A.B. asks: 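Please see the structure below; I have some questions.
Not measured: the values here are computed from a predicted model. Reminder, nothing fancy here: chain letters follow the sequence lines and each chain counts from 1.
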Protein chains: 2
Amino acid sequence: MPGSTNKSIKKRRWKRRKDARPGEILDAALMLFVERGFAATKLDDVARKAGLSKGSVYLYFENKETLFRAVVREMVLPEIKRVEQQVDRYRGPAQELVRKLVYQWWSMVGESRLSGVPKLLVSEASNFPELARFFVDQVIRRVRRVFVRVLQQGIDRGEFRECDVNHAVRVLIAPLVFAAIWQHSLYPFDKDPYDVRVFLDTHLDTFLNGLLNESGQKI
Amino acid sequence: MPGSTNKSIKKRRWKRRKDARPGEILDAALMLFVERGFAATKLDDVARKAGLSKGSVYLYFENKETLFRAVVREMVLPEIKRVEQQVDRYRGPAQELVRKLVYQWWSMVGESRLSGVPKLLVSEASNFPELARFFVDQVIRRVRRVFVRVLQQGIDRGEFRECDVNHAVRVLIAPLVFAAIWQHSLYPFDKDPYDVRVFLDTHLDTFLNGLLNESGQKI
DNA sequence: TCAATAAATGACTTTTTAGTCATTAAATAC
DNA sequence: GTATTTAATGACTAAAAAGTCATTTATTGA
């Protein structure tokens, strides 16, 4: 047999994949930053998880802080835009809209790898103030704005009773964010069973029922 | 005048205060750990904040991890016991009891230095699994138990409609914990005004109204 | 097939911070 | 007042992880 058979034995030590690297590094970094926090995450571990060496990470990101900022900015923004667009499409009774938005939010954000971002930002807010500002402005407040519109619509249409919409929205959103944070922190240590879907259902039931005006019709 | 007046001029370089040190170190450590997280907190900073030198911290705590565990265990347990006792004293209609418990929880936990602990544990759960387990068992689940009792009482007395009490309790508590976490993380970066008291009021209004029997059956 | 190019490496240096300990001096006892 | 004890210090060492770069080798293209 010619040498060609031997050639298949020698295995490449690595591949050159300039285009794929940044995304893979961001993915690995997101997972580890969410799990351990910024300071406790070793770049060596990020590199290993992304399937390359630490030195190579520095080919794509200036330093650890830059990588961290990139994780938040580049992973969050595209997703939040998608959510916003989806949300804009919905029409119908406010009550139903709220339900749909909540379920949708959970399946798009809560169950995706993005669900760790709230925990990450809560943890690192004071170490990365400008990122915290970015997140509040570009994510939280935009989500609030969407829900405020829906609630106000419900009130205008007589479905809901008059109330302080700005605070009602926070009450509506808090359990969603909480659920995401919980999943990535203390949930694994909680012995009591708990189903996020049922939790969200229960929240929606009490919240919507609590907002209905007396003549309010249920769906 | 006698020389005694001159004596007051020479100033001591430090005081020996064996008894007061541990508490002061724990206080300083709690504040910094909550603000920055475990890994990003330098023992030098803790020492400075506590008014002594780093070397002295090691006279009272074996190492940084031991200090961290002590912060959580020794600051949380006494407070949680106090809350539990206070809670046990209350009697009255379930609705009113829930309101009182929530307000009380906020003024005892939410507004005290203890309010940072939920954020701290959420952030460090996966780095300190046995502390996470401790916190869930000794704090979260005990708080839940108290509220479950109250809600069940309300149902038995016919005030509230039948519902999944275990999930309802989580819905009731989530915004409380969320508020505490929020205060210590993203709140300072949020431009929209927000009053925790009003937030809690709004939550109580919708939640309790949503649970009331007259309002109709669960969807 | 063989240069030329540049992606990738990993051993190395630097920086940072945890942890130590010989020394200092405040408090106490005689 | 002096000796003794020990709380407190801060300069030091050790360990760990960030960041660098000369070298290696996959890939390209002539």
A.B. asks: Ser56(B) side chain N/O closer than 4.0 Å to the phosphate oxygens (OP1, OP2) of dA7(D)?
C.D. replies: no
A.B. asks: Map Glu62(A) and Lys42(A) onto DNA chain D by nearest heavy atom, then report which one ends up closer to the 5' terminus.
C.D. replies: Lys42(A)
A.B. asks: Take atom CG of Asn63(A) and atom P of dG19(D), then tell me their distance rounded to the nearest Å.
C.D. replies: 5 Å
A.B. asks: dA7(D) P sits how many Å from Glu24(B) CD, rounded?
C.D. replies: 15 Å
A.B. asks: Rounded to the nearest angstrom, tell me the gap between atom OH in Tyr58(B) and atom C1' in dA7(D).
C.D. replies: 18 Å
A.B. asks: Round to a whole Å and report the spacing from CZ of Arg21(A) to P of dT27(D).
C.D. replies: 10 Å
A.B. asks: Aromatic ring centroids of Phe207(A) and Phe207(B) under 6.0 Å?
C.D. replies: no
A.B. asks: What contact category does Leu59(B) fall into here, base, sugar-phosphate, or nothing, at under 4.0 angstrom with non-hydrogen atoms?
C.D. replies: base
A.B. asks: Return the value, rounded to whole Å, for the distance between atom NZ of Lys54(A) and atom P of dA18(D).
C.D. replies: 6 Å
A.B. asks: From the list dA27(C), dA8(C), dT25(D), which nucleotide is the closest neighbour of the side chain of Arg12(B)?
C.D. replies: dA27(C)
A.B. asks: Is the shortest side-chain N/O distance from Tyr60(A) to OP1 or OP2 of dA8(C) below 4.0 Å?
C.D. replies: yes
A.B. asks: Return no unless some side-chain N or O of Lys64(A) is found under 4.0 Å from OP1 or OP2 of dA18(D).
C.D. replies: yes
A.B. asks: Taking the six-membered ring where the residue is Trp, are the ring centres of Phe38(B) and Phe128(B) under 6.0 Å apart?
C.D. replies: yes
A.B. asks: Can you check the Leu43(A) CG to dG10(C) P distance for me, whole Å?
C.D. replies: 16 Å
A.B. asks: Write down the distance between CZ (Arg48(B)) and P (dT17(C)), rounded to a whole number of angstrom.
C.D. replies: 12 Å
A.B. asks: Nearest of dA7(D), dG19(D), dA8(C) to any side-chain atom of Trp14(A)?
C.D. replies: dA8(C)
A.B. asks: May I ask you to evaluate whether Ser53(B) reaches the phosphate of dG10(D), defined as a side-chain N or O under 4.0 Å from OP1 or OP2?
C.D. replies: no
A.B. asks: Pick base, sugar-phosphate or nothing for Thr66(B), based on heavy-atom distances below 4.0 Å to the nucleic acid.
C.D. replies: nothing
A.B. asks: Can you check whether Lys15(A) has a side-chain N or O nearer than 4.0 Å to OP1 or OP2 of dA26(D)?
C.D. replies: no
A.B. asks: Go through the N and O atoms of the side chain of Arg16(A) and the base of dA7(C), and report whether any donor-acceptor pair is under 3.5 Å.
C.D. replies: no
A.B. asks: Treating Ser126(B) as the side-chain partner and Glu35(A) as the backbone partner, does any N or O pair qualify as donor plus acceptor under 3.5 Å?
C.D. replies: yes
A.B. asks: Think Arg17(B) has a side-chain N or O under 4.0 angstrom from the OP1 or OP2 of dA8(D)?
C.D. replies: no
A.B. asks: Can you tell me how far C1' of dA16(D) sits from CD of Glu65(B), to the nearest Å?
C.D. replies: 14 Å
A.B. asks: Check this for me, if you would: do Lys119(B) and Glu124(B) make a salt bridge, where the nitrogen-to-carboxylate-oxygen distance has to be below 4.0 angstrom?
C.D. replies: no
A.B. asks: Just checking Met108(B): does its CE atom have more than 12 heavy atoms from other residues, nucleotides or ligands closer to it than 6.0 angstrom?
C.D. replies: yes
